[in-house]
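Position 1 is the first residue of the sequence, and the numbers go up from there.
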Amino acid sequence: MSRLKEKLLAKITEHRPRITRLTKEFGKVVIDEVTIDQCIGGARDIKALVTDISYLDPQEGIRFRGKNIPETFAALPKLPGAEYPTVESFWYFMLTGDVPTAEEAEEVRLDFKSRAKVPGYVFETLRAMPKDSHPMVMLSTAVLVMQRESKFNKQYHGMKKPDYWDPMYEDACDLLAKLPEIAAFIYRYKYKNGDIIASHPELDMGANFAHMMGIAKPYDDVARMYFILHSDHESGNVSAHATHLVASALSDAYYSFSAGLNGLAGPLHGLANQEVLDWIKKFKEKLGGEEPSKENVKKAIEDTLASGQVVPGYGHAVLRKTDPRYTAQMEFCLKHMPNDPLFKLVNMIYQVAPDVLGQVAKIKNPWPNVDAQSGVIQWYYGLTEYDFYTVLFGVGRAIGVLANITWDRALGYALERPKSVTTAMLEEWAAASTSK
Ligand code: NMX
Ligand code: MLT
């Protein structure tokens, strides 16, 4: 057993009695109530999911295992000359809550290396798809077609519930180790005439991804930063929730993560990073050579609102401040590409949009989210095919959701099955509330 798996087992064994005690002794303690608004409005804010892997505070933003973004970047081991930690060290941290030593992170790299070979039929499947399929369809299909590799699925009938986490962990590691090569294949196949660059197994995940994409340094660090920043945003977001929901039926990691990716591909979720670049492109086309200014940015935002569309990259279901993932990427830009015209334009939008959106009463959060800033960095390093951006989000999101479904199995979380009511029932409750 690898040292990571041993540590994980120890953590699971330590954690289980906490869940048993909570359910057995305090199961009926009330922690929330549900309003009609929440029932109709996407279950917003209802406390009904448990995860110890990340927590999202509306004001402060995300904490991974109790650490905010700067603390996470500072704490985890980095390779010589690198600005950002390895994805491997972050995976160890997300699974166990402990910061690995450089040696422990290296063990994860070696473990991933032994799992990274992508079955040939995955590439055949992707080559058989229409070339104009969206890259997210390709990624999700590639993940789903690998379901036949699932160790959980193969072992299910001979296993007891407390052991379910073991093959789930194996599937999670197998899948995560393969994703960078699949993503890079999709990119090079679609946009670089199929000129595929073979994996370099001695590199860490971020550097190997940069290598397979054919993008020079510091894109290795961009990849590390990007995958870590996009990894997890507690459990209620669409991709994490969809993955968890499907896994709760004891579907394996391949089925579950493919479902999560399908949710991530929606324009209100991960696809917003593509939409941001599209919005900017159309905005510049309309300017027809005129320089962007605060005035014409304001007008473009107002036009978007008037047309009934959302302004991509702004707003959030939970956050009520600028997303710290936006800020982390902005800091990267200020250091590496301060004079980039696209970065300057994104900054100008940041100066204008919150005021304009803040005047629309129904919008609860006028501040930028992660997607407002992420495409600019990719564009700067030559990745201008912006319909690929959500694939990058998807590779990063795998880290969080796969760690979560491994823990779901470890703690024996139940089949998810909330109760629905009818409109007539809501009307009855509404009438009863006025007659009091
Ligand atoms: N532009 C225009 N209208 C907006 C925006 C925006 N950026 N944000 C919220 N609204 C509208 C929203 O559509 C809703 O209108 P209606 O009642 O007519 O349906 C109203 O304001 C209330 O929405 P909120 O309660 O503020 O936000 P909600 O929790 O429903 O939605 C988002 C959150 C993220 C879906 C929403 O802010 C949005 O659509 N933003 C733009 C798309 C985006 O950037 N998504 C990426 C989120 C991060 N991620 O990667 O997933
Ligand atoms: C995410 O990273 O999942 C998004 O910010 C959406 C969310 O948290 O609801």
Worksheet item: When you check the gap from the basic side-chain N to the acidic O, do D204 and R109 get nearer than 4.0 Å?
Response: no
Practice prompt. Identify, with sequence neighbours excluded, every residue that meets side-chain hydrogen bond (donor to acceptor under 3.5 Å, both in side chains) alongside Y156.
Written response: none
For residues 159-168, which side-chain donor-acceptor pairs fall under 3.5 Å, sequence neighbours excluded?
unit_1: D166; atom_1: OD1; unit_2: K5; atom_2: NZ; d: 2.8
unit_1: D166; atom_1: OD2; unit_2: K5; atom_2: NZ; d: 3.4

Worksheet item: Is a side-chain N or O of K113 found less than 3.5 angstrom from the main chain of L203, in a donor-acceptor match?
Response: no
Worksheet item: Would you say the side-chain atoms of S239 and H269 include a donor-acceptor pair closer than 3.5 Å?
Response: yes
Discussion item. Considering only residues two or more places apart or on different chains, which pairs with a residue in residues 267-279 satisfy salt bridge (charged side-chain N to carboxylate O under 4.0 Å, His left out)?
Written reply: D278-K282
Worksheet item: What residue pairs, at least two apart or across chains, pass salt bridge (charged side-chain N to carboxylate O under 4.0 Å, His left out) with a residue in residues 408-420?
Response: none
Worksheet item: Taking it one step at a time, do T243 and S256 satisfy side-chain hydrogen bond (donor to acceptor under 3.5 Å, both in side chains)?
Response: CA-CA 5 Å; T243 308; S256 308; over 6 Å; no
Practice prompt. Output all residues satisfying salt bridge (Lys or Arg N to Asp or Glu O under 4.0 Å) with E331, sequence neighbours left out; order by chain, then residue number.
Written response: none
Discussion item. Do E385 and Y187 pair up side chain to side chain, a donor and an acceptor below 3.5 Å, judged on atom types alone?
Written reply: yes
Fill in: Pairs meeting criterion side chain to side chain donor-acceptor pair (under 3.5 Å) with involvement of residues 25-46, two or more places apart
T35-Q38
Worksheet item: Just wondering, do D387 and Y191 contact through their side chains at under 4.5 Å, heavy atoms?
Response: yes
Response to the item:
By salt bridge (Lys or Arg N to Asp or Glu O under 4.0 Å), E103 pairs with (sequence neighbours left out) R3
Practice prompt. Any side chain to side chain donor-acceptor pair (under 3.5 Å) involving residues 72-83? Give me the pairs, sequence neighbours left out, ordered by first then second residue.
Written response: E83-K335, E83-H336
Practice prompt. Under the side chain to side chain contact (heavy atoms under 4.5 Å, CB included) rule, collect the residues that match up with D57, sequence neighbours excluded.
Written response: Y55, Q59, E60
Discussion item. For D221, give me all partners under salt bridge (Lys or Arg N to Asp or Glu O under 4.0 Å), at least two apart in sequence or on another chain.
Written reply: R224
Worksheet item: Q378 versus V222: any side-chain heavy-atom pair under 4.5 Å?
Response: yes
Worksheet item: Who pairs with E427 by side-chain hydrogen bond (donor to acceptor under 3.5 Å, both in side chains), at least two apart in sequence or on another chain?
Response: none
Worksheet entry | Qualifying ring-ring contact (aromatic ring centres under 6.0 Å, His included) pairs with a residue from residues 306-330, counting only residues at least two apart or across chains | H233-H316, Y326-Y350
